[in-house]
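Structure record follows, encoded as structure tokens.
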Amino acid sequence: MTTVVIAGAGPTGLTLACGLARQGVAVRVIDRAPEFPTGSRGKTLNPRSLEILADLGLGEGLAAAGRTHLPFRKYFDGEFVNETEPFAGAEATAAIPYAASLWLPQTRVERLLRERLAGFGVRVERGTELVDLRQDGAGVEVRLAGGGRIAAEYLVACDGGRSTVRKLLGIPFVGTGDPEPVMVCGDVEVEGLDPAAWHQWFGPQGAFMLCPFPGTRRWQLQSSPETGTDGRPVAPSLEGFQRLAALHTGRADLRLDNATWLSTWRVNVRMAERYREGRVFLAGDCAHVHPTAGGLGMNTGIQDAWNLAWKLGYVLRGLAGPALLDTYQEERLPIAAWTLDVTSAGMAAVTEGITTPGIGVEVGRVGDLTGIALTYRWSSLAAGRPAGPVRAGDRAPDSPCPAPDGGPARLFEHFAGDHFTLLGLGPGARPALAGLPAHVRPVPLADPDGAIRRAYGITGDALVLVRPDNHIALTAPPTAPDAVLGYLAGLGA
């Protein structure tokens, strides 16, 4: 029997599938679309998502496919005003290996995830539509269009803002939304424009933006929509895009061609009332939708999946009890609420700011949108809270450290995988690293210059237990190995 069915093969579903398949969980990924999407849609991965995908083995592929620095070239009422670069001067540090977001189309992210998933022997089942489901205490039955059925232990809905699964479960999608589109979008080819920058035209008539994708002739277009004689937005088309370009840029030489994706975007700010119904979970846009400011959509879904993957895998592998699954909502629902708030504030800032010459979409970054600072300090999984700046529930910082053979390495290399990691800082911690369960990796660290201690906000010898998703579980004195074993036992295996 299939262990987990994932409905939806976007970045959320594919990240979850990779995280489960890597643990040996039998997973099936179904998607109702007959073909894989070709539209660019999301276009940035923030530093935390880059860390996650690198853990899954995609770091080099992503770096080769995208770009980390993209100037914003801004115009007002057709005239060039200035050029800025949000990540100018940003450099990786010992604790944070990715200093800037990576620009690349969502289609490329999905392709790399599918390739990784295929390496685990799993392929997306296209043209496979979930139309109904039944569940009891033993499992879930997924019913497909055409009469097929899949029996599984769990179902995870990653099927987008219009989620069939969420509707079947009757889970309220609470919030507000605009009835009419406020933006038209598309992928086009452009002649007469420098592809070294994201061009942003603003003025009294609205906004028009063209963002290039490296290594291709494609650009993503975003614009205030045309309106018809009735005052309502006109459906997007190549001809309409060309008219919008002439209206906002004032340039007759700017030519658009070969529109391969046409879409509209409405402001929706909604969140599922709960993330779980029995043996069914919600993740990604199925659980939350929000304004585009800050580019958090694809990233928040990837980070939902990362949180759920290790927990679901541990329960299915007998390493934790079913109660661990309750912490998925406990940890991720507050993050979704924060995301809705910060992106709504960012959208308001953009809407107001673009009426001023020289202001661009960078004003939508009203908070830390890197994902690095997001924490689960409130979680029941955060134990042994120290008083320092880095606490249980926080993302575990990276740092240079020795490899097992004595050569150079990084902490993230020790963390990579589906195990807990127990850092033993100093000689006093060495005895506590013996006799651990097989799913806990012991890492003795001398730390002679104190760099790791400083990164983790601790002094002296210590034990730091890091979760499979690279968040700190607890920090304890080296003389308290029972705290570590008690924490693991408390997961209920």
Side-chain angles (χ1 to χ4, degrees), residues 2-30 45 48-59 109-110 112-114 116-122 124 140 152-159 275-276 279-288 298-333 335-336 371 374 376 379 381 395-396 412 415-421 439 441 466-471 473 491 493:
T2 299
T3 308
V4 179
V5 174
I6 298 172
T12 304
L14 292 169
T15 299
L16 177 63
C18 288
L20 290 170
R22 184 169 69 172
Q23 297 180 71
V25 174
V27 61
R28 288 178 67 176
V29 183
I30 62 174
L45 291 170
R48 181 59 182 142
S49 291
L50 291 171
E51 292 177 355
I52 289 168
L53 297 176
D55 193 304
L56 288 173
L58 300 181
V109 179
E110 292 175 356
L112 289 168
L113 281 165
R114 288 196 303 268
R116 183 70 178 123
L117 187 59
F120 296 117
V122 181
V124 175
V140 182
E153 293 189 44
Y154 292 95
L155 165 66
V156 184
C158 305
D159 54 344
Y275 280 18
R276 181 182 185 184
R279 290 179 168 266
V280 184
F281 297 86
L282 311 184
D285 288 354
C286 170
H288 42 74
M298 175 166 54
N299 292 287
T300 306
I302 287 171
Q303 291 157 34
D304 282 348
W306 191 240
N307 185 283
L308 181 57
W310 79 268
K311 296 173 180 178
L312 195 51
Y314 267 50
V315 170
L316 290 166
R317 293 162 60 195
L319 299 175
L324 178 63
L325 299 176
D326 293 332
T327 67
Y328 168 61
Q329 173 175 303
E330 178 189 0
E331 294 185 341
R332 292 304 298 173
L333 194 147
I335 297 296
L374 294 181
Y376 305 133
S379 172
L381 295 180
R395 162 197 169 273
F412 276 14
F415 296 164
D418 302 299
H419 52 270
F420 277 82
T421 305
H439 62 284
R441 175 178 293 175
V466 180
R467 298 172 6 173
D469 61 353
N470 299 7
H471 282 262
L491 296 179

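In this chain, numbering begins with 1 at the start of the sequence shown. The basis for the numbers below is simple: all heavy atoms, side chains too, and nothing from hydrogens, waters or symmetry mates.
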Exercise. Any Lys/Arg nitrogen of Arg467 or Glu331 sitting under 4.0 Å from an Asp/Glu carboxylate oxygen of the other?
Worked result: yes
For this session: Could you grab the distance from atom CG of Leu155 to atom CD1 of Ile30, nearest 0.5 Å is fine?
Result: 7.5 Å
For this session: For residues Leu58 and Arg116, determine if any side-chain heavy atom of one lies less than 4.5 Å from a side-chain heavy atom of the other.
Result: yes
Exercise. Do Val27 and Thr3 touch side chain to side chain, with heavy atoms closer than 4.5 Å?
Worked result: no
Exercise. Which pair of heavy atoms, one from Ser49 and one from Gln303, lies closest together, and at what distance?
Worked result: OG-NE2, 2.9 Å
For this session: Starting from the C-alpha separation in whole Å, work towards a yes-or-no answer on side chain to side chain contact (heavy atoms under 4.5 Å, CB included) for Val25 and Leu312.
Result: CA-CA 9 Å; Val25 174; Leu312 195 51; over 6 Å; no
For this session: Please assess Leu117 against Val29 for the test side chain to side chain contact (heavy atoms under 4.5 Å, CB included), listing each intermediate value before the final yes or no.
Result: CA-CA 10 Å; Leu117 187 59; Val29 183; 4.1 Å; yes
Problem set entry | Reported CG-to-CZ distance for the pair Leu56 and Arg22, which is rounded to 0.5 angstrom | 5.0 Å
Exercise. With side chains defined as the heavy atoms from C-beta onward, is the minimum distance between Leu324 and Leu381 less than 4.5 Å?
Worked result: yes
Exercise. Under 3.5 Å, side chain of Arg332 to main-chain N/O of Asn307, donor-acceptor pair present?
Worked result: no
Problem set entry | Any donor-acceptor pair under 3.5 Å from Asp285 side chain to Cys158 backbone | no
Seminar exercise, completed: Closest non-hydrogen contact found for Phe412 with Ala396 is CE1-O, 3.4 Å
Seminar exercise, completed: What one should report as the nearest heavy-atom pair of Ile302 and Thr12 is N-OG1, 4.0 Å
For this session: Could you pull out all residues at least two apart from Tyr314 that satisfy ring-ring contact (aromatic ring centres under 6.0 Å, His included)?
Result: Trp310, Phe420, His439
Problem set entry | side chain to side chain contact (heavy atoms under 4.5 Å, CB included) involving Ala157 - partner list, sequence neighbours excluded | Asp159, Ser163, Val165, Leu282, Cys286
Exercise. Can you check side chain to side chain contact (heavy atoms under 4.5 Å, CB included) on Asp304 and Ile335, steps first, answer last?
Worked result: CA-CA 9 Å; Asp304 282 348; Ile335 297 296; 5.8 Å; no
Problem set entry | Partner set under ring-ring contact (aromatic ring centres under 6.0 Å, His included) for His471, not counting sequence neighbours | Tyr376
Exercise. What orientation do Tyr154 and Phe281 show, parallel under 30°, tilted 30 to 60°, or perpendicular over 60°?
Worked result: tilted
For this session: Using side chain to side chain donor-acceptor pair (under 3.5 Å) as the criterion, list what pairs up with Arg28, not counting sequence neighbours.
Result: Glu125
Exercise. Where is the tightest heavy-atom contact between Asn299 and Leu45, given as atom of each residue plus distance?
Worked result: OD1-CA, 3.3 Å
Exercise. What are the two closest heavy atoms between Glu110 and Pro11, and how far apart are they?
Worked result: OE2-CD, 3.2 Å
Exercise. Under the side chain to side chain contact (heavy atoms under 4.5 Å, CB included) criterion, do Asn470 and Glu51 qualify, and how do the steps go?
Worked result: CA-CA 10 Å; Asn470 299 7; Glu51 292 177 355; over 6 Å; no
For this session: For the residue pair Leu374 and Arg48, establish whether any side-chain heavy-atom pair is separated by less than 4.5 Å.
Result: no
Exercise. Does any non-hydrogen side-chain atom of Arg276 lie less than 4.5 Å from one of Asp326?
Worked result: yes
Problem set entry | Side chain proximity check, Leu113 to Leu53, heavy atoms < 4.5 angstrom | yes
Result block: side-chain N/O donor-acceptor pairs under 3.5 angstrom for residues 316-323, not counting sequence neighbours:
| residue | atom | partner | partner atom | Å |
| --- | --- | --- | --- | --- |
| Arg317 | NH1 | Gln23 | OE1 | 2.8 |

Exercise. What are the two closest heavy atoms between Leu20 and Gly313, and how far apart are they?
Worked result: CD2-N, 3.8 Å
Problem set entry | Approximate separation, where rounding is to 0.5 Å, of Asp469 CG and Asp55 CG | 9.5 Å
Exercise. Rounded to the nearest 0.5 Å, how far apart are SG of Cys18 and CG of Leu112?
Worked result: 10.5 Å
Problem set entry | side chain to side chain donor-acceptor pair (under 3.5 Å) partners for Arg279, two or more places apart | none
